[in-house]
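Okay, structure first, notes after.
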Amino acid sequence: MSNIITKNWLLSRRHFLKGVGATVALPLLDCMRPLRATAAEVAARPRRGVFVYIPNGVNVLTWQITEAGRSYKLSEPMMPLERHRENITPISGLHHPGGIGQAHVCADSWLTAAKLSMEGGSYHNTVSCDQIMAEVTAPKTRFGSLELSISAGVGQPNNSTTLAWSRDGVPLPAEDNPRTVFNRLFGAEQGGVDVQRRRLNRRHSVLDLVLGQAKSLRKNLGGDDRTKLDEYLGSVRDVEVRTERLDAWLTIPKPKIDPETTEHLTRNVSRSEAGEYYRTMYDLIVLTLRTDMTRVISYMSGSEGNGLAIPEIGIPQTRHELSHHNGDPEQMARLSRSDAFITEQFAYFLDQLHSIQDGDDTLLDRTMVLFGSGMSYGHSHGNANLPIVLAGGKGLGLRHGQHIDYNLPSIKSYNLANAVEHYGLCHKPTDGNARLTNLLLTMMQKMEVNAEQFVDSLGPVSDVLA
């Protein structure tokens, strides 16, 4: 009995079997799991946040859920989520006050809530909420955050390929190739630890030199130039922090991934096979989370200027082309089918998270996922009544199973047969207090970010709190 109480019988989750020159990590066994977790152990369990972006909004006439509360019926394009009904909360009526009237920079402000100007001059964003979360979780993981997209690198304004922005409003590059991401996360360090350490030391030296020279230069600059230089130096310091983190993890072995999974995630997947490409990216996210390589991930499944065509279901147009349908019935029907297809891939992602046990919870229970867009009606760039679904996180204190609707108290009912009337909801918020930042703040607080406000938020969304 004393052994059970003191937990001396427990095997470590890092316990290895060794023999014939091989080292194999054991899976999670019952003898590794305490009979009753202590409060400290529960508090220390990973908290995760994932953000998945839909480009160019949706066909709002077929996407809109028309009833609020727990007895709501999912709309046709959202039906793939029915099997996750108790793990999702669709929300209608949210908006970013600073985003009303934006066109092709909606993704840039989706997680920052910044009011972005395209009138000329310097293009400046602010920090995204995922990066604020990453500041809390980064000390516990090899990578502070992971940025994924369907387009590599960082684009220019109007064609951004990332959702993540640093404290200085600098876009963080996102990667679009599953093989490249897998090798960075799980592959062997090129040249071995010693070579990598020398490379990191050289990077340290360069960064120290740059910072030293910049301090001298700053004394002779005017106010505007100092501001620009400070923004640049902030980016340099971010690189310095990431370099230090990589150096600290060099001697800690990466997880060993089985050959079947490795082959699956490192094969070439064409973007013309949209479903296979999406599912491969989602599989990569799940593996990254379950191995605790990072706890914060953003995935731009398409940008306003670049959303995949889906030839496998007879849709040769990109999302951008479909969204500018000009009322054409065939184009609108294709947009609805595209919406359903993207939702089905997202439901697959939730399937995988729900299938994996993480202590006493599932991986989905320990992971909050925000799925949606910074645009609602793509044809004329409506940014109110955004399509938003919050999923997972029940083990973090979220509750689901209802449709939250901020429009109905004002409009009483939806009339989807009147397209012009419904499009109006997508351009002007019915409730000025229904801000997407309220939801982002809620997620930040559940990630243990010490914040009472995020940009223009008015408080957390109590309806999703358990």
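Counting begins at 1 with the first residue of the sequence.
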Hey, does the side chain of Arg85 reach the backbone of Arg70 with a donor-acceptor pair shorter than 3.5 angstrom?
-> yes

List the atom of Pro46, the atom of Leu396, and the distance in Å for their closest heavy-atom pair.
-> O-CD2, 4.4 Å

For the residue pair Ser336 and Asn59, confirm or rule out a side-chain donor-acceptor distance under 3.5 Å.
-> yes

Using modelled atom types only, decide if a donor and an acceptor are shared between the side chain of Thr367 and the backbone of Leu364 within a distance under 3.5 Å.
-> no

Which residues satisfy the side chain to side chain donor-acceptor pair (under 3.5 Å) test with Ser109, sequence neighbours excluded?
-> Gln102

Hey, does the side chain of Arg366 reach the backbone of Gly395 with a donor-acceptor pair shorter than 3.5 angstrom?
-> yes

Which residues satisfy the salt bridge (charged side-chain N to carboxylate O under 4.0 Å, His left out) test with Asp351, sequence neighbours excluded?
-> Arg83

Arg337: salt bridge (charged side-chain N to carboxylate O under 4.0 Å, His left out) partners, not counting sequence neighbours = none

Cut-off 3.5 Å, no hydrogens considered: what does the side-chain donor-acceptor table look like for residues 71-78, sequence neighbours left out?
from  : atom 1 : to    : atom 2 : distance (Å)
Ser75 : OG     : Thr62 : O      : 3.4
Ser75 : OG     : Trp63 : O      : 2.6

Check the pair Leu350, Asn87 against side-chain contact (heavy atoms from CB on, under 4.5 Å), reporting the backbone distance first and the verdict last.
-> CA-CA 9 Å; Leu350 299 185; Asn87 284 305; over 6 Å; no

Taking side chain as C-beta onward, heavy atoms only, is Asp405 less than 4.5 Å from Ile65?
-> no

Does a donor on one side chain and an acceptor on the other come within less than 3.5 Å for Ser149 and Glu147?
-> no

Phe186 meets the ring-ring contact (aromatic ring centres under 6.0 Å, His included) criterion, sequence neighbours left out, with Phe182

Give, for atom CD of Glu82 and atom OG1 of Thr343, the distance between the pair rounded to the nearest 0.5 Å.
-> 13.0 Å

Exam field: side chain Tyr414 to backbone His422, donor-acceptor pair closer than 3.5 Å = no

Heavy-atom distance under 4.5 Å between the side chains of Val60 and Asn385, does that happen here?
-> no

Do the side chain of Asn56 and the main chain of Thr318 share a donor and acceptor less than 3.5 angstrom apart?
-> no

Evaluate the criterion side-chain contact (heavy atoms from CB on, under 4.5 Å) for residue pair Ile315 and Leu322; output intermediate values, then yes/no.
-> CA-CA 9 Å; Ile315 299 179; Leu322 288 176; 3.6 Å; yes

Atom CE of Met300 and atom OG1 of Thr162: how far apart are they, to the nearest 0.5 Å?
-> 6.5 Å

Tell me, please, which residues at least two apart from Tyr423 pass ring-ring contact (aromatic ring centres under 6.0 Å, His included).
-> Tyr377

Exercise: do Asp130 and Ser128 side chains pair donor with acceptor under 3.5 Å | yes

Do NZ/NE/NH1/NH2 and the carboxylate oxygens of Glu175 and Arg184 come within less than 4.0 Å?
-> no

Just by distance, do the side chain of Arg179 and the backbone of Thr266 share a donor-acceptor pair under 3.5 Å?
-> yes

List in chain and number order the residues that pass salt bridge (charged side-chain N to carboxylate O under 4.0 Å, His left out) with Glu312, two or more places apart in sequence or in another chain; answer none if no residue qualifies.
-> none

Non-hydrogen side-chain atoms of Thr137 and Met447 separated by less than 4.5 Å = yes

Are any of the side-chain heavy atoms of His400 and His84 separated by less than 4.5 Å?
-> no

Is any side-chain heavy atom of Ser376 less than 4.5 Å from a side-chain heavy atom of Pro387?
-> yes

If you measure only the distance, is there a donor-acceptor pair under 3.5 Å linking the side chains of Asp365 and Thr362?
-> yes

Test item: Tyr278 side-chain N/O and Ser301 main-chain N/O as donor-acceptor pair under 3.5 Å = yes

Pairwise distance OG1(Thr291) to CD1(Ile257) - rounded to 0.5 angstrom | 5.5 Å

Please output the side-chain donor-acceptor pairs of residues 456-466 that fall under 3.5 Å, not counting sequence neighbours, one pair per line with the distance.
from   : atom 1 : to     : atom 2 : distance (Å)
Asp456 : OD1    : Thr437 : OG1    : 2.6
Ser457 : OG     : Phe454 : N      : 2.8
Ser457 : OG     : Phe454 : O      : 3.3

May I have all residue pairs that pass salt bridge (charged side-chain N to carboxylate O under 4.0 Å, His left out) and include part of residues 412-439, sequence neighbours excluded?
-> none

Check: Arg47 and Met133 side chains under 4.5 Å, non-hydrogen atoms | no

Determine, stepwise, if the pair Gln445 / Glu452 fulfils side-chain contact (heavy atoms from CB on, under 4.5 Å).
-> CA-CA 8 Å; Gln445 291 180 346; Glu452 295 300 320; 4.2 Å; yes

Look at the side chain of His403 and the backbone N and O of Glu67, then say whether any donor-acceptor pair between them is shorter than 3.5 Å.
-> yes

Can you tell me if NE2 on His354 sees more than 12 non-hydrogen neighbours from other groups inside 6.0 Å?
-> no

By salt bridge (charged side-chain N to carboxylate O under 4.0 Å, His left out) - contacts of Asp339 (at least two apart) | Arg319

Side-chain touch Gln352/Ile285, heavy atoms, less than 4.5 angstrom = no

Heavy-atom pair of closest approach, residues Asn383 and Cys106 = ND2-SG, 3.3 Å

Residues two or more places apart in sequence or in another chain: which of them pass ring-ring contact (aromatic ring centres under 6.0 Å, His included) with His381?
-> His104, His324

Which pair of non-hydrogen atoms, one from Trp165 and one from Gln131, has the smallest distance, and what is that distance?
-> O-CG, 3.4 Å

Heavy-atom closest pair (Phe371 atom, Ile54 atom, distance to 0.1 Å) is CZ-CD1, 3.5 Å

Thr442 side, atom OG1; Leu390 side, atom CG - distance, nearest 0.5 Å | 8.5 Å

Any Leu81 side-chain heavy atom under 4.5 Å of Phe346 side chain = yes

With side-chain contact (heavy atoms from CB on, under 4.5 Å) as the test, would you mind laying out the steps for Met281 and Gln345 before giving the verdict?
-> CA-CA 10 Å; Met281 293 294 270; Gln345 312 317 307; over 6 Å; no

Residues passing the ring-ring contact (aromatic ring centres under 6.0 Å, His included) test with Tyr299, sequence neighbours excluded, are Tyr282

Run the salt bridge (charged side-chain N to carboxylate O under 4.0 Å, His left out) check on Arg45 and Asp358 step by step: do they pass?
-> CA-CA 9 Å; Arg45 288 176 183 168; Asp358 184 35; over 6 Å; no

Residues, nucleotides or ligands: over 12 heavy atoms within 6.0 Å of Glu86 CD | yes

What heavy-atom pair brings His427 and Ser380 nearest, and what distance separates the two atoms?
-> NE2-OG, 2.8 Å

Smallest heavy-atom separation, Ser338 atom then Ile310 atom, equals OG-CD1, 3.7 Å

Does CG belonging to Asp258 count more than 12 external heavy atoms closer than 6.0 Å?
-> yes

